[in-house]
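Working notes, structure below.
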Number of protein chains: 2
Amino acid sequence: MVTMREVAGLAGVSITTVSHVLNETRPVAESTKERVLKAIEETGYTGDAIARSLVTGGTKSLGLAVSLVSHPYFAELIAAIENEATSAGYTLVLIDTRDSADSEQAAVRMLRSRRVDGVLLTPTSGSAALPELRRLGIPTALVDRLTLGQDIDQVGPENVQATSALVTHLAELGHRRIGLVTGTPGLATTDERVLGYRLGLGRAGLKWDESLVGTSLEPMLGSVTGVVVSDHQVLIDVLHQARARGVRIGADLALVTYGEVEWADLVDPPLTTMSQPVEEIGRTAVRLLLSRIADPERPPETIRLAPELKHRHSCGCHPTPASTTSHPPERR
Amino acid sequence: MVTMREVAGLAGVSITTVSHVLNETRPVAESTKERVLKAIEETGYTGDAIARSLVTGGTKSLGLAVSLVSHPYFAELIAAIENEATSAGYTLVLIDTRDSADSEQAAVRMLRSRRVDGVLLTPTSGSAALPELRRLGIPTALVDRLTLGQDIDQVGPENVQATSALVTHLAELGHRRIGLVTGTPGLATTDERVLGYRLGLGRAGLKWDESLVGTSLEPMLGSVTGVVVSDHQVLIDVLHQARARGVRIGADLALVTYGEVEWADLVDPPLTTMSQPVEEIGRTAVRLLLSRIADPERPPETIRLAPELKHRHSCGCHPTPASTTSHPPERR
DNA sequence: CCGGACTGCGCAAGCGATTGCGTCGGACAC
DNA sequence: GTGTCCGACGCAATCGCTTGCGCAGTCCGG
């Protein structure tokens, strides 16, 4: 690698000067500056982030510790994060938490030893890494899966009201027995959606029935006329199960779902989905983290971004501008 | 951050000893070793990869420079790569090439300054970064998009024979006018698939017709009875276009496609796809890169992994064990 | 002609690790 | 008792950069 010493030699100055022209940290005579710049050009000098970090303390890098396997919007989210980070001059160090507390712990340790300036984390349930990060005062922002506490920066979708709205929609269409198929139990996101489901039930004057909630459609198949699917992963299962049982979505079973998938309008019937602002979540997370790095004393923020209902046909009603305000027929 | 000095102080030894017990680079008395380990435990010492790298030269990190936006299997690929890298003790530095030569150049510069031990690259067309990497002798492996030359390590799908097989399948079903809808022109992958398409045409005794090849289904809609879709991105467009025009896939138009998407069997009809061994591509790429890092003199390898035909219904034939060997009716 | 202010740079001390070389005891052979 | 060897460990240089301090000139007012 070409070092500052070489550049300095070529330009006939000290490495001090080279450093100063590079960082513009003190005035350098125009003519000298030019010589240095030329030398840099000639040698193809890139600088050594390692050495620089050693002395400055910062690394201009952010750790991204997420669960690669289980994140439905992973690609989009990561792209948004990468963009935002890069344009702020930060590099991303990616590491998979594998959705296990141990891996997560190891991942964070790794990031710590790599001295990242901040960590973007999608915590697993029972995360031990989170308290550790806080104890060490490492700037951290949570993405997508949030904690109940308000004492840390976090960004994620609004789940309670949104899920409630999904239930409400089905109820307004006349459904009285509405099921909920959830994703991985124990995750904050899952819990919140269950909560929203109950809320929606309550608002529609319907009663909670434990047998209508589960991680699979199968058990509730006979007893339900509408179903809310709370997770992308599980959506695919649900669709398979319905097909296997000959249940026609939209006709026999109204379905509304989380997971704005690219194929939502390619299946039959097109899926009515709750679409999350993934990109905005990613962007916001990075901003939050960067602003915390800049000012560690700033009070933590919890940001909930509202998802958007994409009204299509799987809920059983054909989307017309005012469809949800009409009085649908009573069912069952 | 807790440094080796603190640990050494606590254990009552020199930092030299701490370093040696950590790296097992020279024998240390059992009792001393224990004291050091205990001190490490107590302080929560993680080591400082930055400082370590400065002296050792290596960083135990790999740069992953891919196009985030345009990579269909991105999530899977990256997960595979992350896994393999992590289990080899390497960390991933992720950066988006944005599929532009300039961004790519900047990305690689960045990785260079971060002193990654090797680079995994999905080159853009007209990549300037590639020659630079080679000139500097930075270990590099190409993923997914390959170059024609054999003088660099690279892993990707086999495209020519696979595309040819797709065409052959349609031809065997009796189609005489078979179109090709391609992804981004100029990419090596696209070129290879076009080549495979011609090859398949030739094998079936069909003639190349320029008007049957393009990046959109629309123009060839009337004149074609079967179509090969060479890219995930474009597949969605094609499906939309077909739907908009009232063309029934499988019945009016036989379709075979690249892009083994998770929803392939959820649409109607289920899609016959060429499924790429994404995970294996990722794993292999990392292995190739690591082995190059270990032995820079090893001759470069080009590895093509064969995709697998997932036979479903969109090609117009119902998949039965021996369906492709039967004699289908002549069409058109 | 002198002193102070300013401009333009270089010296050298770190940053936190690794590692070649040395030192220091004690065991053992003679 | 002395020499040798070996096991167990510490000293200090080094990696490439940043940055506090200080020094040499120049310019200008008094």
Side-chain angles (χ1 to χ4, degrees), chain A residues 1-37 39-40 43-61 89 91 109-117 136, chain B residues 1-37 39-40 43-61 89 91 109-117 136:
Chain A
M1 261 192 65
V2 26
T3 72
M4 264 180 73
R5 163 149 26 280
E6 295 178 47
V7 174
L10 218 166
V13 297
S14 73
I15 59 171
T16 300
T17 300
V18 175
S19 172
H20 285 301
V21 345
L22 240 29
N23 305 316
E24 303 190 339
T25 87
R26 95 177 168 193
V28 171
E30 200 54 43
S31 62
T32 312
K33 193 180 296 188
E34 273 173 25
R35 288 209 318 284
V36 171
L37 258 16
I40 289 178
T43 53
Y45 176 77
T46 52
D48 185 330
I50 297 294
R52 171 175 237 272
S53 292
L54 186 56
V55 28
T56 59
T59 52
K60 284 288 181 183
S61 67
T91 308
R109 283 263 162 83
M110 157 102 295
L111 293 177
R112 196 142 70 87
S113 88
R114 287 216 127 77
R115 281 217 203 157
V116 294
D117 292 343
L136 292 166
Chain B
M1 259 193 66
V2 26
T3 72
M4 265 181 77
R5 167 155 15 286
E6 294 178 49
V7 173
L10 218 166
V13 296
S14 72
I15 60 171
T16 301
T17 300
V18 176
S19 172
H20 285 302
V21 344
L22 239 29
N23 304 317
E24 304 189 340
T25 80
R26 96 178 167 192
V28 171
E30 200 54 42
S31 62
T32 312
K33 193 180 296 187
E34 274 172 25
R35 287 210 318 284
V36 171
L37 259 16
I40 289 178
T43 53
Y45 176 76
T46 53
D48 185 329
I50 298 292
R52 172 176 236 274
S53 293
L54 185 57
V55 28
T56 61
T59 52
K60 284 288 180 184
S61 67
T91 308
R109 283 264 161 79
M110 157 103 295
L111 293 176
R112 192 139 78 83
S113 86
R114 285 217 129 76
R115 281 217 204 158
V116 294
D117 293 342
L136 292 165

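Contact detail for B:Thr3 and B:Tyr45: the closest heavy-atom pair is C-CE1, 3.6 Å. Here the closest heavy-atom approach between residue B:Val2 and residue B:Val7 is recorded as CG2-CG2, 4.3 Å. Taking every heavy atom of both residues into account, B:Met1 and B:Glu6 meet most closely at O-OE2, 3.5 Å.
Side chain of A:Ser19, nearest nucleotide from C:dT18, C:dG16, D:dT19: D:dT19. Set against D:dC17, D:dG16, C:dT19, the side chain of B:Leu54 has D:dG16 as its closest nucleotide. Which of D:dC17, C:dA17, C:dG10 sits closest to the side chain of B:Met4 comes down to C:dA17. The B:Thr3 side chain lies nearest to C:dA17 when the options are D:dC11, C:dA17, D:dT18.
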Can you list, pair by pair, the side-chain donor-acceptor contacts under 3.5 Å of residues 8-16 of chain A, counting residues two or more places apart and other chains?
residue: A:Ser14; atom: OG; partner: A:Thr16; partner atom: N; Å: 3.3
residue: A:Ser14; atom: OG; partner: A:Thr17; partner atom: N; Å: 3.3

Could you list the donor-acceptor pairs under 3.5 angstrom formed between side-chain atoms of residues 46-56 of chain A and any protein atom two or more places apart in sequence or on another chain?
residue: A:Asp48; atom: OD1; partner: A:Ile50; partner atom: N; Å: 2.8
residue: A:Asp48; atom: OD1; partner: A:Ala51; partner atom: N; Å: 3.2
residue: A:Asp48; atom: OD2; partner: B:Arg115; partner atom: NE; Å: 2.7
residue: A:Asp48; atom: OD2; partner: B:Arg115; partner atom: NH2; Å: 2.2
residue: A:Arg52; atom: NH2; partner: A:Asn23; partner atom: OD1; Å: 2.9
residue: A:Ser53; atom: OG; partner: A:Ala49; partner atom: O; Å: 2.8
residue: A:Ser53; atom: OG; partner: A:Gly58; partner atom: O; Å: 3.1
residue: A:Thr56; atom: OG1; partner: A:Arg52; partner atom: O; Å: 3.0
residue: A:Thr56; atom: OG1; partner: A:Gly58; partner atom: N; Å: 3.4
residue: A:Thr56; atom: OG1; partner: A:Gly58; partner atom: O; Å: 3.4

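Within the 4.0 angstrom heavy-atom criterion, no nucleotide atom of any strand lies near B:Gly57.
As a whole-Å value, the separation of A:His20 NE2 from C:dG8 C1' is 11 Å. Following rounding to the nearest Å, B:Arg5 (CZ) and D:dG10 (C1') show an atom-to-atom distance of 14 Å. Put simply, CZ on B:Arg115 is 11 Å from P on D:dC15, counting in whole angstrom units. B:Asp48 has its CG atom 18 Å from the P atom of D:dC15, to the nearest Å. Separating the CD1 atom of B:Ile15 from the C1' atom of C:dA17 is a distance of 7 Å, rounded to the nearest angstrom. Computed from coordinates, the B:Ile50 CD1 to C:dT18 P distance equals 13 Å when rounded to whole Å.
Put simply, NZ on A:Lys60 and OG1 on A:Thr91 are 10.0 Å apart, with the number rounded to the nearest 0.5 Å.
Under 4.0 angstrom from either OP1 or OP2 of D:dC17 there lies no side-chain N or O belonging to A:Thr56. In terms of phosphate contacts, A:Thr16 brings no side-chain nitrogen or oxygen within less than 4.0 Å of OP1 or OP2 of C:dC9.
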Please walk me through it: do B:Val21 and B:Thr32 pass side-chain contact (heavy atoms from CB on, under 4.5 Å)? CA-CA 9 Å; B:Val21 344; B:Thr32 312; 5.9 Å; no
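Of the residues in residues 21-36 of chain B, B:Asn23, B:Arg26 come within less than 4.0 Å of DNA chain C through at least one heavy atom, sorted by number.
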